[in-house]
**Q** 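Questions regarding the structure given below will be posed in turn.
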Amino acid sequence: MEKRDTLRSEAKAFIHQYYQETEQSGFEHRWSEIEHQIQETGTYTHFYEELDYGGKLAWRNSNRCVGRLFWKTLKTLDKRSVSTASDFREALIQHIQTAETRTKIRSTITVFAPLNSNQGSEFRIKNYTLLMYAGYEKGSKIIGDPKNIAFTKHCESLGWKGDCSHFDLLPVVYSMNDGPEQWFEIPRNHVSEVDIHHPEYPWFATLGLKWYKLPIISFMSLNIGGIVYPAAPFNGWYMLDEIATRNFGDEQRYNMLPTIAEQLGLDLTSPFWKEKALTVLSEAVYFSFEAAHATIVDRHSAVEQFMKFMGQEGQAGRDVTGDWSWLIPPNASSTTAIFHTEMKDELKFPNFV
Ligand code: ARG
C-alpha cells in the first residue's frame with residue numbers, strides 16, 4: 001500500500017473511533033476535511049480534542065501498564081508549536097510542575113511536533129525516562145544506578161559531568177530536527193525526591209536512599225491515527241514494586257537486600273531472608289512516599305484497579321489486551337488476580353511505540 005493510503009486508513013479508523021466513543025455527530029464532515037488535507041499535503045493536523053483523546057486511548061492500549069483504570073484523567077499539554085531549544089526546556093519543566101501538585105501526582109503528557117509537520121521543530125528525547133540517576137563504574141565498584149552506566153558515559157561524551165554520587169540526576173539528552181545531540185539539566189529545585197526512611201527502623205534512613213516522585217517515560221513515540229509524535233513524554237505515578245522490588249532490590253540495580261538483611265540481623269543461610277528484607281524495603285518506600293504526599297500504589301491496590309479496568313472495558317464491549325509478564329507484580333505475584341487471568345498481548349492503536 002502507498003504511504004498515503006496507510007495514513008488514510010489509520011486516520012479514518014481513529015477519527016471514527018473518536019466520534020463514536022465521544023458520542024459526537026459530524027464524523028463525515030471532519031473525515032472529508034482530513035481526507036482533503038492528506039490529499040493536498042500528505043499529512044493532517046489533529047484538533048486539540050483529538051490529540052487529547054488519542055493520548056488517552058494510547059494509555060488505554062498500553063499492554064504493559066497496570067494503571068490503565070485512570071486513562072480518562074490524562075492531562076494533555078499541547079506543545080506542537082515549540083520550535084526552539086529554550087521553549088523545549090521550558091515545556092519539560094512545565095510538565096513536571098503540572099504533574100506534581102502538593103498533594104498528589106497528576107498523569108500528564110506533553111506532545112511536541114509530529115513528523116513531517118511544518119509547525120514546530122522535531123524533537124527526540126534519548127532518555128528512557130526524563131528523570132534518571134547516573135551510574136558509574138569505578139574499578140570494581142559501582143556508584144549510582146548500574147542500569148544507566150552506558151547512558152551516563154554517553155552523557156559524559158557530550159560534555160556533561162556528574163558529582164559521582166549515588167543519586168546524580170542525569171541530564172535530558174535530545175536532538176532537534178535531526179541535528180546533533182544536545183543536553184540540559186533540569187534544575188534540581190524542580191525535581192522532588194523522597195528520602196526513604198522506615199517507620200520502625202531508625203537505621204533505615206542512614207542508608208541514604210531516595211527516589212524521585214515522577215516516572216516520566218520519554219523514549220517512546222506516540223502514534224495517533226497514523227500521525228507519529230516522536231517526542232511525547234508522559235507520566236503516571238509509581239507502583240511500589242518498581243522502586244522497592246526492582247530499582248532497589250534487583251541485584252543488578254541498587255542491590256540493597258543484603259545490606260538491609262544485615263541491618264535486620266537476618267540469618268543469611270535461611271532461604272527466606274530476601275523476602276523478609278524485601279518486605280521491610282517495600283514498607284519503607286511506601287510509607288516514605290505517603291508521608292511526602294507523593295502518589296504511589298501498592299501492588300494489591302494496583303491489581304484491584306486493573307481488574308476494575310478490565311470489568312469496565314468488558315462492559316463497554318471492548319477486549320482488554322495486556323502483556324501478562326509485565327502486568328503481574330514481581331513480588332507475591334500469585335496473591336494478585338492478574339496472575340490467574342489470561343489476556344492477549346495484541347497491539348492496538350493509538351499507542352506508544
Ligand atoms: N519502571 C520505571 C522506573 O522505575 C518507570 C516506568 C513507568 N512507570 C510508571 N509507573 N508509569 O523508573
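Remember, it's 1-based here, ligands and their atoms both numbered in the order they're listed. The basis for the numbers below is simple: all heavy atoms, side chains too, and nothing from hydrogens, waters or symmetry mates.
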**Q** Of the backbone atoms (N, CA, C, O) and the side-chain heavy atoms from C-beta on, which set of Ile243 has a member under 4.0 Å from an atom of ligand 1: side chain, backbone, both, or neither?
**A** neither
**Q** Considering non-hydrogen atoms of the protein only, which is the closest contact for atom 5 (C) of ligand 1, and what is the distance?
**A** Glu242 OE1, 3.2 Å
**Q** Starting from atom 4 (O) of ligand 1, which protein heavy atom do you reach first, and at what distance in Å?
**A** Asn247 ND2, 2.9 Å
**Q** Between Arg60 and Glu21 (salt bridge meaning N to carboxylate O under 4.0 Å), is one present in this structure?
**A** yes
**Q** Show the atoms of ligand 1 that are less than 4.0 angstrom away from any heavy atom in Trp237.
**A** 9 (C), 10 (N)
**Q** What's the shortest heavy-atom distance between Phe352 and Ser62, and which atoms?
**A** CD1-OG, 3.6 Å
**Q** Could you find the nearest protein heavy atom to atom 12 (O) of ligand 1 and give me its residue, atom name and distance?
**A** Tyr238 OH, 2.8 Å
**Q** Counting from 1, what ligand 1 atoms have a heavy atom of Ile217 closer than 4.0 Å?
**A** 6 (C), 7 (C)
**Q** Is it true that Glu50 and Arg30 have a side-chain N and a carboxylate O under 4.0 angstrom from each other?
**A** yes
**Q** Does the side chain of Ser221 pick up a donor-acceptor pair with the side chain of Asn223 at under 3.5 Å?
**A** no
**Q** Can you name the nearest heavy-atom pair linking Val353 to Phe349, along with the distance?
**A** CG1-CE2, 4.2 Å
